[in-house]
There are 2 protein chains.
Amino acid sequence: MARKIVERGDAIPVLAEIFREHGFAGASLSEITERTGLGKGSLYHYFPDGKEEMAKAVLDDVAGWFETNVFVPLRESEDPDAGIDHMFKAVIRFFHSGRRICLVGTFALDDTRDRFASEVQSYFAAWTRVLAAALKRSGLNTKAARETAEDVVAGIQGALVLARSQDDPGVFTRAIKRLHQRTKVTHRD
Amino acid sequence: MARKIVERGDAIPVLAEIFREHGFAGASLSEITERTGLGKGSLYHYFPDGKEEMAKAVLDDVAGWFETNVFVPLRESEDPDAGIDHMFKAVIRFFHSGRRICLVGTFALDDTRDRFASEVQSYFAAWTRVLAAALKRSGLNTKAARETAEDVVAGIQGALVLARSQDDPGVFTRAIKRLHQRTKVTHRD
DNA sequence: GTCTATAAAGCGATAGAC
DNA sequence: GTCTATCGCTTTATAGAC
């Protein structure tokens with residue numbers, strides 16, 4: 001079951017899942033040693049600053065994933081709509097169709113945000129900015145593009161909350177479909 | 001500064017704020033005794049089951065607030081749009097214009113949800129259901145009403161996440177305005 | 001690099017005096 | 001009802017052998 005941890009990087013996905021499940025405060029080193037299979041010695045060898053450094057590494061990893069799988073396609077697709085299609089597909093995959101929550105979103109809500117303020121801030125700022133640029137290229141004016149981008153990014157976060165509250169991933173996938181649809185409709189006002 | 005705690009009910013708002021700031025796992029009894037001004041003796045006298053009972057009391061209080069200030073107006077306004085207007089005003093007030101996060105939303109995201117599954121579930125289910133009924137009365141068909149209600153409730157949650165991530169309440173208030181607008185526009189498809 | 005042992009502090013919760 | 005003292009446990013983190 002548990003994949004072998006042979007280097008620092010192998011631990012990151014496991015750490016990410018633990019932080020998602022328990023939040024930063026609720027994630028304990030004892031569970032981390034258990035699920036990574038690394039003793040405290042190894043853990044502090046790889047992450048000298050302990051839990052905080054582990055969370056930073058996870059946030060870095062998430063940022064990298066979004067850069068590669070969401071932002072680059074959004075920026076570089078010749079057809080902006082294709083980039084947006086790609087984003088929604090990546091988002092569904094990343095959040096396991098609504099069964100997995102957004103780590104950065106959880107961190108944003110409680111006082112964990114203050115610990116990782118710049119990481120949390122730039123994750124959502126980058127996402128909104130890059131999506132707005134794609135929407136603008138697809139024909140929206142500057143204001144409509146920014147507003148729609150905020151609505152979509154917030155809508156995704158809210159859909160994750162709602163889906164988990166109902167223990168029903170369908171809430172997420174249906175919300176995503178509607179958000180996707182809204183990016184295709186030309187502004188009418 | 002700190003209001004005097006003379007009975008159990010007086011402690012609830014303080015507890016609510018502490019859980020909002022730190023989440024369930026991050027809220028410590030030492031901070032709770034400090035900020036409520038109640039010693040552990042009094043605390044366990046009022047809440048024999050400790051932290052879990054405190055959180056339950058807070059969730060109860062939140063549910064009651066929404067029942068009175070959101071659900072009743074949504075159900076009983078002769079003009080459904082007036083009820084919806086009332087809801088958005090109440091929401092802005094409750095979440096301090098985006099400076100305060102949703103306790104139930106935070107609880108929904110990590111494993112705290114499992115502890116308070118039914119409270120978390122019914123909070124969002126009730127909100128969505130009552131709002132959908134109002135939207136239907138205002139002219140939307142059943143499906144559109146349910147979808148719009150989900151989009152609005154999720155949109156509010158997401159806007160809280162986004163606003164806090166950017167440390168900018170304006171993100172919340174602007175998103176609320178757009179969500180409110182969407183409930184007024186007749187369905188066009 | 002990885003382990004075990006351990007430190008020092010904080011945790012939630014309880015007991016019992018008043 | 002409120003307090004202090006304390007229990008037993010877990011926490012993060014460190015030290016030092018291998």
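To find a chain, count down the sequence lines: A is the first, B the second, and so on, and within it residues start at 1.
- Of the residues in residues 37-53 of chain B, B/K40, B/Y44, B/G50, B/K51 come within less than 4.0 Å of DNA chain C through at least one heavy atom, sorted by number.
- Side-chain N or O atoms of B/S97 include none that pairs as donor or acceptor with a backbone N or O of B/R93 at under 3.5 Å.
- Boundaries of the chain A contact region on DNA chain D are D/dT11 to D/dT14, first to last in 5' to 3' order (nucleotide atom under 4.0 Å from a heavy atom).
- The heavy-atom pair separating A/F124 from A/V104 by the smallest distance is CE1-CG1, 3.9 Å.
- For B/S28, no side-chain nitrogen or oxygen approaches OP1 or OP2 of C/dG10 to under 4.0 Å.
- The structure places CG of B/L15 at 11.0 Å from CD of B/E31, a figure rounded to the nearest 0.5 Å.
- Taking five base pairs at each end of the helix from C/dG1-D/dC18 to C/dC18-D/dG1 and finding the rotation axis that steps the C1' atoms of four pairs onto the next four gives two axes whose angle is 0°, to the nearest 10°.
- The CG-C1' distance, from A/L29 to C/dA7, rounds to 15 Å in whole Å.
- Looking at heavy-atom distances under 4.0 Å, A/A25 makes no contact with the nucleic acid at all.
- For the atom pair A/D10 CG and A/T36 OG1, the distance stands at 11.0 Å (nearest 0.5 Å).
- Tested against A/W65, the residues A/F94, A/W127, A/Y123 include a single ring pair (Phe, Tyr, Trp, His ring centres under 6.0 Å) partner, A/F94.
- Remark: A/E17 does not engage A/R35 in a salt bridge, criterion side-chain N to carboxylate O under 4.0 Å.
- With B/K51 contributing its side chain and B/L29 its backbone, the two residues share no donor-acceptor pair below 3.5 Å.
- At most 12 heavy atoms of other shown residues, nucleotides or ligands fall within 6.0 angstrom of atom NZ in B/K136.
- Side-chain atoms of A/H180 and A/D85 form a donor-acceptor pair, as typed in the model, at a separation below 3.5 Å.
- In this pair, B/F71 and B/F66 present their aromatic rings tilted. The plane angle is within the 30 to 60° band.
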